[in-house]
Every structure is written in C-alpha cells, then in structure tokens.
Number of protein chains: 2
Amino acid sequence: MNPTLDIIFAALADPTRRAILSMLLEDDMAVTDVAEPFATSLAAISKHLGVLATAGLITQEKRGRVKWCKLEPDALRDASIWMQTFGQFEAIHLDAFERFLQAELGSSQQDTDP
Amino acid sequence: MNPTLDIIFAALADPTRRAILSMLLEDDMAVTDVAEPFATSLAAISKHLGVLATAGLITQEKRGRVKWCKLEPDALRDASIWMQTFGQFEAIHLDAFERFLQAELGSSQQDTDP
DNA sequence: TGTATATTCAACCGAATGGTTGACCATCGG
DNA sequence: CCGATGGTCAACCATTCGGTTGAATATACA
C-alpha cells in the first residue's frame, strides 16, 4: 500500500526519526543498535521505527532474534515531488499536478489534496 | 538539530494545510477566501494559516481589515535539501516534471477553480 | 453614527503523540 | 535445560493538535 503524504510528512517531523533515517543511510541496522546513541528507551525507538515503517520510509526484516532496519528512500519520492511544486515553480495548477502524479507514479492511490 | 525542519514538516503533515498551500500557488488570498472551500470554521483555518506562517511557508500582510496570505516557497528549501540526501530520484522526476510542465503550458490555459 | 465584514482570541474538548516502565515472547549460546 | 539478549506489548502520563464555540477587536461602509 502507499502511505499518504500525511503519514510521510508526520514521520519526518520528528528529529529523532530524521536522525534514525540519517543513520540508516550508512547501513542497515538492528533495532538495538539504532537505539544505542539515543538517550531514550529502547521501546521509544521501537515505536519510532514503527512509525517510519508505517510511512514506508524503512522496512524491517527479522532474521533470528535480530530485526534489521533498512532505508527505503522511494517513499520520499511522493513528498519530494510535492515539495518541488512549491520550491521551483511559480504557479502550477493543482489538477494538472495531480494528473502528473498519476502518470508519473502509476495507478497507486495518493493523498490528493481537495 | 534544526528546529525549523520539525516545524516545516509538521506543517506539511496536515492535508488541509497542504491544500491551502496549493490554493496559494494560484494567487494571494484573504483569510476568509482561503477558508471558503473548507467545511471547517474560519477560526480553524486561521489557526492553520498561523501554523503555515510560523513555518515560514506563507507570509501574512494586513491591508485594511483584510489579511492577505502569500506563499513563501523558499521555506521549503531546507526541507527539500534534507530530503535530497536520501535518494537520487529527484533529478529524474524533476526532469520529467519539467517536460510535463512544458507540455502543460503549451496547451490552452486551464481554469482550475476547485 | 450604526452596522456589517474580517479576523483573532480564549476557553474548552477529544484524540493523537512521545515518553516511561515492567511484563512478556523469541532466540541465541552454553 | 539454562540464562542472557533482542524486541515488542500494555498500561499509563503529560503535552500537543485540530476542532468547536462565543466573545472581542478592527476596519469598512451606508
């Protein structure tokens, strides 16, 4: 399924979660290792990872008793394209932009603004 | 680390606020006109506009009794740059989007009043 | 002047968020 | 088998969020 822009942006709004994404940029990591540099509890980091996974920004795969976390940058594509509308161009008609999203991102349902 | 990223992403996480930004892409608008297409109260929209202004995504200028809202796309630059570190998909999609725009602007003008 | 319009403020409400703690599975290495 | 390790779950707490309503303020206009 395709997470909505709501969920992606909300996931990115937390500095701990952005820090986690930065860490995962280096390499895949186990949950405990992700939590290690933070002052918060392991359970809190586990929740953060759940939020990131729900947003599609990471995937988690359990091997043995270790759950590996992997960055999934493709989930940022929707949000990034949405932002580019406002950063680079003057006046984009919304319906035209939505048609672009449909064409560019395929038939997956988007969080299209009314 | 960067407090404005928190605020910008949190501001973008709400669909009503993103819809407002889309509306402001067309033209500057008064608060009442921004609120008109929404089912929510004027006070709620006023709050949303406050959030967007705090995030730097819009500016508000009062002329007479009307407060005009203006899109400030520069505020998205930090967030956009941050997101660019997570993938190389930007250039591809921007390129596709620019080609799309050329096609769009070449055609007759659209009126996209929602 | 008086009244309508534009916008915010203040108080409140319910739901969500980020955090904690302790109990609870699951799995690894003796 | 055991105990240690990896990770989640459940309950709770404080704060924030998006929304409402009604009052308040400021400006325009007849």
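To find a chain, count down the sequence lines: A is the first, B the second, and so on, and within it residues start at 1.
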Ignoring backbone atoms, test whether Ser46(B) places a side-chain nitrogen or oxygen under 4.0 Å from the OP1 or OP2 oxygen of dT8(C).
-> yes
Grab the CG-P distance between Leu52(A) and dG7(D) for me, whole Å please.
-> 15 Å
If each of Arg17(A) and Lys62(A) is mapped to the nucleotide of DNA chain C with the nearest heavy atom, which maps nearer the 5' terminus, i.e. the 5' end?
-> Arg17(A)
Toward the 5' end of DNA chain D, which comes first, Val66(A) or Lys47(A), by nearest nucleotide?
-> Val66(A)
Side-chain atoms of Ala43(B) come closest, of dA11(D), dA6(C), dG22(D), to dG22(D)
Rounding to 0.5 Å, atoms OG1 (Thr54(B)) and CD1 (Ile7(B)) come to a distance of 7.0 Å
Ignoring hydrogens and angles, answer whether the base of dT5(D) and the side-chain atoms of Arg65(A) contain a donor-acceptor pair closer than 3.5 Å.
-> yes
Options dG6(D), dG19(D), dT8(C), nucleotide nearest the side-chain atoms of Ala44(B) | dG19(D)
Whichever of Trp68(B) and Ser41(A) has the more 5' nearest nucleotide on DNA chain C, that residue is Trp68(B)
Spacing of Gln60(A) atom CD relative to dG7(D) atom P, expressed in whole Å | 9 Å
Out of dG18(D), dT7(C), dT20(C), which nucleotide sits closest to the side chain of Ala30(B)?
-> dT7(C)
How long is the line joining CZ of Phe9(B) and P of dT16(D), in whole Å?
-> 21 Å
Figure out the CD/C1' separation between Glu36(A) and dT5(D), and round it to whole Å.
-> 15 Å
Answer yes or no: is there a donor N or O on one side and an acceptor on the other, between the side chain of Arg17(A) and the main chain of Leu12(A), under 3.5 Å?
-> no
Length of the line joining Ile45(B):CD1 and dG19(D):P, which is rounded to integer Å = 7 Å
Spacing between Asp14(B) atom CG and dC17(D) atom C1', to the nearest angstrom | 9 Å
Roughly how far apart are Glu61(A) CD and Lys67(A) NZ, rounded to 0.5 Å?
-> 11.0 Å
Ignoring backbone atoms, establish whether His48(B) has a side-chain N or O less than 4.0 Å from OP1 or OP2 of dC17(D).
-> no
Would you give the length of the straight line joining atom OG1 of Thr16(A) to atom CG of Leu21(A), rounded to the nearest 0.5 angstrom?
-> 11.0 Å
For Glu61(A) and dT8(D), what is the distance between atoms CD and P respectively, to the nearest whole Å?
-> 14 Å
Can you check the Met29(A) CE to dG6(D) C1' distance for me, whole Å?
-> 14 Å
Look at the side chain of Ser46(B) and the backbone N and O of Leu42(B), then say whether any donor-acceptor pair between them is shorter than 3.5 Å.
-> no
Does OP1 or OP2 of dG18(C) have a side-chain N or O of Thr16(A) closer than 4.0 Å?
-> no
